[in-house]
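Report on the following structure.
Here is the naming used below: chain letters follow the sequence lines, and residue numbers restart at 1 for every chain.
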Protein chains: 2
Amino acid sequence: MIQGMRPLVHPSIEDITVEGILHALSDPVRVAIYAELAASAGATICSNFLQVSDRSIPKSTLSQHFRALREAGLVRSERHGVEMRNVTRCKEIERRFPGLIAAILNAHSVQATGRAGDTRRKPAPRKTKAA
Amino acid sequence: MIQGMRPLVHPSIEDITVEGILHALSDPVRVAIYAELAASAGATICSNFLQVSDRSIPKSTLSQHFRALREAGLVRSERHGVEMRNVTRCKEIERRFPGLIAAILNAHSVQATGRAGDTRRKPAPRKTKAA
DNA sequence: TTCCATAGTTCGTATGTTACGAAGTACTGA
DNA sequence: TCAGTACTTCGTAACATACGAACTATGGAA
């Protein structure tokens with residue numbers, strides 16, 4: 001037993017910086033993770049992202065990515081038993097930096113799909129499709 | 001005389017990535033420079049930024065910062081005699097990633113002033129006039 | 001022309017940051 | 001107690017960045 005696990009660090013809303021947010025989301029893996037978190041209703045566990053857009057992410061790397069998102073103030077993480085539940089802090093950030101997260105997520109989707117953007121939440125892709 | 005100067009690299013609009021933009025603007029010096037460029041009407045030369053928000057920037061570092069902005073697609077640079085004139089590529093980027101630049105600049109100004117934001121262009125922060 | 005000043009670039013290197021395997025912690029259930 | 005799951009931490013190699021020294025490129029005297 002060399003050293004235990006350090007406690008989870010969550011900056012308070014006024015300590016969140018634009019630079020911190022931009023840096024955290026300037027990584028393709030992190031922005032993809034964040035986009036999925038933002039699109040999902042409830043909490044999401046880390047291991048859901050061991051595969052991100054056809055790319056396999058090592059566990060230790062994934063852990064660091066979540067730490068980066070957490071310490072930039074983008075997500076809130078809570079240990080529940082053996083797993084870690086993550087939710088975005090979109091609403092708080094929206095109050096401090098209006099439009100920022102929406103614009104970034106929209107730009108990310110424009111780039112991913114190659115088509116013009118749409119800021120609305122996607123409820124559930126292809127569930128109501130005819131046939 | 002080891003090697004001449006390489007030509008200026010400007011990505012075409014479809015090669016500009018969100019990650020690239022976010023990374024370029026995740027540096028406090030670069031986002032400050034970019035905010036000033038975006039607020040000013042005409043072209044602005046590099047050496048206007050040897051001082052950025054009470055901080056003195058070495059020439060070589062400043063040159064690298066402008067290269068980063070240029071290669072992320074954020075600014076267009078042109079040599080005119082001995083100086084380099086820079087303009088933002090806001091309008092192009094606005095077409096590809098609507099609202100992105102405005103939201104970042106707004107967030108930057110919220111953070112700088114400590115007050116709620118305003119997306120409109122600032123009239124003219126009269127600093128060092130091109131002497 | 002030659003010389004000098006100005007404006008910016010490149011290079012070398014020291015310092016920082018990031019990725020990921022190996023080994024560890026923490027919890028749960030058998 | 002043991003094993004399995006889900007993550008975290010550590011060590012280190014690879015990559016990125018900052019900045020001084022030396023350079024290029026241009027323009028304007030003399």
- prompt: OP1 or OP2 of D/dC7 less than 4.0 angstrom from a side-chain nitrogen or oxygen of A/Arg6, does that happen here?
  reply: no
Rounded distance in Å - [atom1] ([X]) to [atom2] ([N]):
X: B/His23; N: D/dA16; atom1: NE2; atom2: P; value: 9 Å
X: A/Glu19; N: D/dT17; atom1: CD; atom2: P; value: 16 Å
X: A/Leu69; N: D/dT8; atom1: CG; atom2: P; value: 12 Å
X: B/Glu71; N: C/dT10; atom1: CD; atom2: C1'; value: 13 Å
X: B/Phe66; N: D/dT17; atom1: CZ; atom2: C1'; value: 17 Å
X: A/Met5; N: D/dC7; atom1: CE; atom2: P; value: 10 Å
X: B/Leu8; N: D/dT24; atom1: CG; atom2: P; value: 18 Å
X: A/Ile45; N: C/dC27; atom1: CD1; atom2: P; value: 16 Å

- prompt: Mapping A/Arg30 and B/Arg70 onto DNA chain C by nearest heavy atom, which one lands closer to the 5' end?
  reply: B/Arg70
Nucleic acid contacts - residues 48-65 of chain A versus DNA chain D, non-hydrogen atoms under 4.0 Å: A/Lys59, A/Ser60, A/Ser63, A/Gln64
task: Mind listing the residues from residues 75-85 of chain A sitting with a heavy atom below 4.0 Å of DNA chain D? Number order is fine.
output: A/Arg79, A/Val82, A/Glu83, A/Met84
task: Give me the other members of the hydrophobic cluster that B/Met84 sits in, counting Ile, Leu, Val, Met, Phe, Trp and Tyr linked by side-chain heavy atoms under 4.5 Å, directly or via other members.
output: B/Leu8
- prompt: Would a hydrophobic clustering, with Ile, Leu, Val, Met, Phe, Trp and Tyr connected at side-chain separations under 4.5 Å, put A/Ile45 with A/Leu69?
  reply: no
message: Tell me which pairs pass salt bridge (Lys or Arg N to Asp or Glu O under 4.0 Å) where either residue lies in residues 30-50 of chain A, with sequence neighbours left out.
response: none
message: Strictly by salt bridge (Lys or Arg N to Asp or Glu O under 4.0 Å), give each pair with a member in residues 62-79 of chain B just once, sequence neighbours left out.
response: B/Arg67-B/Glu71, B/Arg76-B/Glu92
task: Start with the C-alpha distance between A/Ile33 and A/Val75, add both sets of side-chain angles, then the distance that settles side-chain contact (heavy atoms from CB on, under 4.5 Å), and finish with yes or no.
output: CA-CA 11 Å; A/Ile33 289 173; A/Val75 310; over 6 Å; no
Name the atoms and distances for all side-chain donor-acceptor pairs under 3.5 Å in residues 47-61 of chain A, with sequence neighbours left out.
none

- prompt: What pair of heavy atoms forms the shortest contact from A/Ile13 to A/Arg89, and how long is it?
  reply: N-NH2, 3.9 Å
task: Drop me the distance from B/His23's NE2 to A/Leu22's CG, to the nearest 0.5 angstrom.
output: 11.0 Å
query: Which of these passes side-chain contact (heavy atoms from CB on, under 4.5 Å) with A/Ile101: A/Thr88, A/Ile21, A/Asn106?
result: A/Ile21
